[in-house]
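Computed from heavy atoms alone, side chains included, the values below leave out hydrogens, waters and symmetry copies.
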Amino acid sequence: MVCGGFTCSKNSLCVLNLLYIMVSLLLIGIAAWGIGFGLISSLRVVGVAVAVGILLFLIALVGLIGAIKHHQVLLFFYMIILFLVFVVQFSVSCASLALNKDQQNQLLEVGWNHTNGAHSDIERSLNCCGFHFYSGNDTCGATCSPKECQPCAPIIERHAEEVLRIVGGIGFFFSFTEILGVWLTYRYRNQKDPRANPSAFL
């Protein structure tokens with residue numbers, strides 16, 4: 001049976017927003033765990049992960065309160081924000097899956113050049129030094145000798161396509177849950193609460 005009733009729409013929205021809250025707390029927890037155990041030393045990477053987690057938490061909280069109280073204004077803003085998040089996430093997912101090898105390599109090099117704080121983490125994890133080559137002026141976080149270490153670019157490029165495919169797939173999955181949330185919110189806003197006064201204005 002299709003979920004078309006007031007109670008079913010309300011419960012579905014509550015479950016969806018609870019799922020988003022759990023994902024946001026998991027994201028914040030993983031970032032805190034990574035920096036706590038010394039796996040991530042870049043504050044920029046941790047900051048981005050925590051900021052995304054907090055943003056997702058706030059959006060889900062607005063949706064949850066709006067669903068419980070059947071609050072028209074909160075549900076409207078939740079629907080608009082969720083649709084904008086869907087557009088951005090769907091676009092990023094499509095871009096991740098559509099990148100060719102040259103574009104991937106160019107993107108990786110730009111990313112490497114803009115994440116100086118994360119170089120030592122990457123070098124330590126992959127046991128490599130430098131991107132295309134290692135200059136003696138830079139410090140290397142790898143356990144191997146800098147002269148014997150291979151550059152990081154070939155190792156990263158080897159896994160980049162698989163990672164982008166996984167990220168694109170996860171992005172697609174969550175983007176469809178977001179459009180489902182927009183549809184449920186739209187339906188729920190236009191439904192009358194059976195316990196409310198029948199003559200009340202919605």
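Rounding to the nearest 0.5 angstrom, the gap separating the CG atom in Leu180 from the OG atom in Ser12 is 8.0 Å. For the atom pair CE of Met79 and CG of Leu13, the computed distance is 11.0 Å after rounding to the nearest 0.5 Å. To the nearest 0.5 Å, atoms CD (Gln72) and CZ (Arg189) are separated by 4.5 Å. Leu64 CG to Cys14 SG: the interatomic distance, rounded to the nearest 0.5 Å, is 5.5 Å. Between Leu74 atom CG and Ile68 atom CD1 the span is 11.0 Å, to the nearest 0.5 Å. One distance of note links CD1 of Ile59 with OH of Tyr78; it measures 8.5 Å at 0.5 Å rounding.
A chain of hydrophobic side-chain contacts below 4.5 Å, direct or via other Ile, Leu, Val, Met, Phe, Trp or Tyr residues, connects Val87 to Leu184. Cluster membership check: Val15 does not share its hydrophobic cluster with Trp183, using side-chain heavy-atom separations under 4.5 Å among Ile, Leu, Val, Met, Phe, Trp and Tyr. Leu27 and Val92 end up in different hydrophobic clusters when Ile, Leu, Val, Met, Phe, Trp and Tyr side chains are linked at under 4.5 Å. When hydrophobic clusters are built by joining Ile, Leu, Val, Met, Phe, Trp and Tyr residues whose side-chain heavy atoms come closer than 4.5 Å, directly or via intermediates, Leu58 is not grouped with Val88. If you chain together hydrophobic residues whose side chains sit under 4.5 Å apart, Leu55 and Val85 fall into the same group.
The shortest distance between side-chain heavy atoms of Phe76 and Thr185 does not fall below 4.5 Å. Between Ile54 and Val50, some side-chain heavy-atom pair lies under the 4.5 Å cut-off. Tyr188 places a side-chain heavy atom less than 4.5 Å from the side chain of Leu75. Residues Ile179 and Phe83 are in side-chain contact: their nearest non-hydrogen atoms beyond the backbone lie under 4.5 Å apart. Proximity of Gln89 to Glu178: side-chain heavy atoms (C-beta onward) are separated by under 4.5 Å at one or more points. With contacts defined as side-chain heavy-atom distances shorter than 4.5 Å, the pair Val23/Leu56 qualifies.
Among residues at least two apart or in separate chains, ring-ring contact (aromatic ring centres under 6.0 Å, His included) pairs with a member in residues 161-182 are Phe90-Phe172.
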Step by step, work out the side-chain contact (heavy atoms from CB on, under 4.5 Å) result for Phe86 and Val182. CA-CA 9 Å; Phe86 162 76; Val182 170; 5.7 Å; no
